[in-house]
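Report on the following structure.
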Amino acid sequence: MPFLVCLNRIIFVNRIALKYNDEIVDLQTAKALGIEGEPIELDNSKESLEVLRHSTAHLMAQAIKALYPDAEFYVGPVVKEGFYYDFKTSTTIGEADLKTIEKEMLNLAKKKTEIEKYDISMDEAKLKFANDHLKLEVMKRIPNETVSIYKQGDFEDLCRGPHLPNIGMIRYFKLMKIAGAYLGGDSKNEVLTRIYGIAFADKEALKNYLDMMAEAEKRDHRKIGAEMKLFSFREEVGAGFALWLPAGARLRSRLEQLLFKAHRKRGYEPVRGPEMLRSDLWKVSGHYQNYGENMYFTHIEESEDKKIEFGIKPMNCVGHIKVYEDDLRSYRDLPLKYFEYGVVHRHEMTGALHGLFRVREFTQDDAHIFCTAEQVEEQIIEVVDFVDKIMSTFKFDYKMMISTKPEKAVGDDAVWEISTQALKNAMDKHNLKYEIDEGGGAFYGPKIDIKITDAIGREWQCGTIQLDFNLPHRFELEYNGDDNDKIQPVMIHRAILGSFERFVGILTEHYAGEFPMFVAPTQVAIVPIAETHNAYAKELADKLLDIGADSEIYNKNDSLNKRIRTAEKARVPMIIVLGDEEVANKTIAIRDRRTREQYNLSEAEFMSLIQTKINEVNF
RNA sequence: GCUGGUGUGGCUCAGGGGUAGAGCACUUCCUUGGUAAGGAAGAGGUCACGGGUUCAAAUCCCGUCAUCAGCUCCA
């Protein structure tokens, strides 16, 4: 019965672990404990990849050990995108060495060595890894009395598993990048070398992944931003300070206008605070003590012996608080919603700067809601709805996270507890999903963060909804209750896009620069065939401006084909070509940028088409 | 801020101890073209900045700045 034998063999070869009580148990462990469970095959499922990638990390370590015998190893976990291993060698390893390591890994994998597992006591383990100070460091963090060792050939590693049964199963992987990382993620500790890699069960999946990465690189907003002349950074201006070029500024302005209307509809009032406020205020708010290292300060000399320190605002809340204080408030006024496109400055670490995603000066679509404790829930929900309206308009996937009290924080634990619970309650009551980010809150209160994913799957925090009992207390804010009693309002800080900078960056990657009509920097590219058609082009451009559409006339002394090509490459959503026919009949020849198809419309039809497309979105 | 890369005209990049090249873009002229690069001529950089080594540096070394990847941090 050769057929059956063959089938059995396939099953045997592909089985890599078991699922037992919702946990992945590798075959080594299952055999030792006599466990049986649902089999996990070698494929691209989440469970399977976790085992595969973990073992690939070990194979990489084995290869590194073979190439660099003095290598010491820290940890090599599976992460969202593949795996990594942190280690240390006496010789420096660079990008070019990744190929060599990959080759060694393939050589080792060819030997099809079995991966064995055995347990030893912590003391034995310490003896075994006595000359690997990094492994000893790992063990310090393990409370158990016995630990497991995985062994493949002469390479042994302290590990919890699970692992593949045999290293020969590892075939489709790639080492992606090399970087430095602190031991334990603490910048006070020594720096280790970290190599990131990815692995899949088959060739196609690996290829798809690598293709996706290449596509993501093409979408990088820094690259597209330069190509489309949206924004730019210049060394002489300073790191982290963006220049918005005309096209980028037009795009941004469209967003601003859409959002302005959306705020007004929801009862927000525009306000404006100054760029810098006296440091005394930042001391009251707690920013001076808790956020000072991120702030820029300046002094103004009133007289020779009198200098006043000012802090350039890193947030807009203090300005809005002062607006609140400008009048006596009644419970009848609440909720009061102030919003501002607030320019803030934050001294981010140089290494953290990243295109428009992280800059040192940015503009938040910031608002502060002053309300009664009873109104908190409905206000939170209203903001969450607002967020959803905008994110779904742009077809973004996003997730929400509730962040709890950070190490550096102001206010009583009790207040933190109450406000954190208030956020959870609001979300739970409306069946909204969220994750918890322990210790990720702002120093003045817990928050709900809205995170969207960029082209390469990196998550970026955009919107944020922060509950704050502390600032109202520190500034002794109050309103008159119905008994004319003085009551402290609750403050909700919130931003939806987060910042125009980051949001435009994410939008750029999301659409790969091919923005929908309602936010595109230019709505229409006009290509007049000859000079005699310039007048009609200009006439149309003016009419387009009247209905709120920007256009660009491509009438340089280039061939028609060249100008159409240039317009195509500029990613303008709509291209129209004007010649004798169009001028004579007052018609428009439209070229669809994506399909390259052409069709004709009367001028009136065209105008109404553009107007519809621009107005199709309302937040 | 840390670790490791990179830094040549507006952009993309080649070159590399003896005082700089290409393509695109730009300017001018010819061409007035019906849907993805018509032709010709020309201008533009002293090789991020500062210092050092050397007879000689853009090229080697050090520092600074910027930038990239990651750590950390965050809208």
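These numbers come from a predicted model, not from an experiment.
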Residue matched to B/G34 through Watson-Crick or wobble contacts both under 3.5 angstrom: none

Base, sugar-phosphate alone, or nothing: which one does A/A239 contact when heavy atoms must sit under 4.0 Å apart? sugar-phosphate

With a non-hydrogen cut-off below 4.0 angstrom, is A/A589 in contact with a base, only sugar-phosphate, or nothing? base

Does A/R234 contact B/A66 through a side-chain donor or acceptor facing the base, at a distance under 3.5 Å? no

Inter-nucleotide C1' distance (B/A75, B/U3), Å rounded: 26 Å

Any base atoms under 4.0 Å from A/E361, or only sugar-phosphate, or nothing? Heavy atoms, all strands. nothing

In whole Å, measure the gap between the P atoms of B/A37 and B/A25 for me. 12 Å

Closest nucleotide among B/A69, B/A75, B/G33 to the A/N557 side chain: B/G33

For B/G38 versus B/U67, give the span between their C1' atoms, rounded off to a whole number of Å. 39 Å

Quick one: is B/G34 close enough that its OP1 or OP2 comes under 4.0 Å of any side-chain N or O from A/H533? no

Of all the choices, B/G1, B/A75, B/U35, which nucleotide is nearest to the side chain of A/V359 once you look at every atom? B/A75

If you assign each of A/E531 and A/G240 to its closest nucleotide in RNA chain B, which residue comes earlier from the 5' end? A/E531

Atom pair distance, as rounded to whole Å: CE in A/M349 and P in B/C65: 16 Å

So what's B/G63 paired with, Watson-Crick or G-U wobble, going by both distances under 3.5 Å? B/C49

With a 3.5 angstrom cut-off on both distances, give the Watson-Crick or G-U wobble partner of B/C2, or none if there isn't one. B/G70

May I ask you to verify if any side-chain N or O of A/R194 is less than 4.0 angstrom from the OP1 or OP2 atom of B/U72? no

Reported CD1-to-CG distance for the pair A/I380 and A/L423, which is rounded to 0.5 angstrom: 5.0 Å

Same-atom distance (C1') from B/G7 to B/A58, integer angstrom: 12 Å

Span that lies between the C1' atom of B/G45 and that of B/U8, in whole angstrom: 8 Å

B/G70, OP1 or OP2 - any side-chain N/O from A/K177 closer than 4.0 Å? yes

For a quick check, tell me whether the side chain of A/E293 and the base of B/G1 share a donor-acceptor pair closer than 3.5 Å. no

A/L98 CG to B/G4 C1', in whole Å, measures 12 Å

Identify the residue among A/F500, A/F231, A/F503 that makes a side chain to side chain contact (heavy atoms under 4.5 Å, CB included) with A/L356. A/F231

How many angstroms lie between atom NE2 of A/H320 and atom NE2 of A/H493, to the nearest 0.5 angstrom? 11.0 Å

Any donor-acceptor pair under 3.5 Å linking the side chain of A/T404 with the backbone of A/G439? yes

Checking contacts here: which listed nucleotide (B/G33, B/U35, B/A75) is nearest the side-chain heavy atoms of A/N561? B/U35

Given B/A36, B/G34, B/G38, the nucleotide with the shortest approach to the side chain of A/K562: B/G38

Taking the same atom, P, in B/C2 and in B/U12, what whole-Å distance lies between them? 27 Å

Crowded around A/E236 CD? As in, over 12 foreign heavy atoms under 6.0 Å? yes

At under 4.0 Å, does any side-chain N or O of A/K223 touch on OP1 or OP2 of B/U12? no

Spacing of A/N600 atom CG relative to B/U35 atom P, expressed in whole Å: 13 Å

For A/R563 and B/G38, what is the distance between atoms CZ and P respectively, to the nearest whole Å? 10 Å

What's A/N294 touching, base or sugar-phosphate or nothing? Going by heavy atoms closer than 4.0 Å. nothing

With both distances under 3.5 angstrom, what nucleotide forms a Watson-Crick or G-U wobble pair with B/U27? B/A41

Options B/G34, B/C68, B/A75, nucleotide nearest the side-chain atoms of A/R222: B/C68

Stepwise side-chain contact (heavy atoms from CB on, under 4.5 Å) test for A/M213 and A/K174: CA-CA 12 Å; A/M213 294 304 286; A/K174 187 167 169 60; over 6 Å; no

Assign A/V527 to base, sugar-phosphate, or nothing according to its heavy-atom contacts below 4.0 angstrom with the strands shown. nothing

Test A/Q379 against every option in A/V384, A/L467, A/I369 by the side chain to side chain contact (heavy atoms under 4.5 Å, CB included) rule and name the one that passes. A/I369

Does A/S559 have a side-chain nitrogen or oxygen under 4.0 Å from the phosphate oxygens OP1 or OP2 of B/G38? yes

Interatomic distance, A/Y196 OH vs B/C68 P [rounded to whole Å]: 17 Å

Whole-Å gap separating C1' (B/G7) and CD (A/E235): 9 Å

Over how many whole Å does the gap from A/E501 atom CD to B/C74 atom P extend? 19 Å

B/U19 pairs with which nucleotide, Watson-Crick or G-U wobble, both distances below 3.5 Å? none

Would you indicate, yes or no, if B/A75 has its OP1 or OP2 atom less than 4.0 angstrom from a side-chain nitrogen or oxygen of A/Q461? yes

Contact class for A/E581 (heavy atom, under 4.0 Å): base, sugar-phosphate, or nothing? base

Across every strand shown, the nucleotide meeting Watson-Crick or G-U wobble geometry with B/A57 (both distances under 3.5 Å) is none

Pairwise C1' distance for B/A40 and B/A36, with rounding to whole Å: 23 Å

RNA chain B nearest-nucleotide lookup for A/L560 and A/R502: closer to the 5′ end is A/L560

Are more than 12 heavy atoms from other residues, nucleotides or ligands located less than 6.0 Å from atom CZ of A/R141? yes

With a non-hydrogen cut-off below 4.0 angstrom, is A/K447 in contact with a base, only sugar-phosphate, or nothing? sugar-phosphate

Rounded P spacing from B/C11 to B/U31 in Å: 34 Å

If pairing requires Watson-Crick or G-U wobble contacts with both distances under 3.5 Å, which nucleotide is the partner of B/A14? none

Of the nucleotides B/C26, B/A36, B/C74, which has the atom closest to the A/R346 side chain? B/C74

Rounding to an integer number of Å, can you tell me how far A/D580 CG sits from B/G33 C1'? 11 Å

Could you tell me whether the side chain of A/L540 reaches within less than 4.5 Å of the side chain of A/E603, counting heavy atoms only? yes

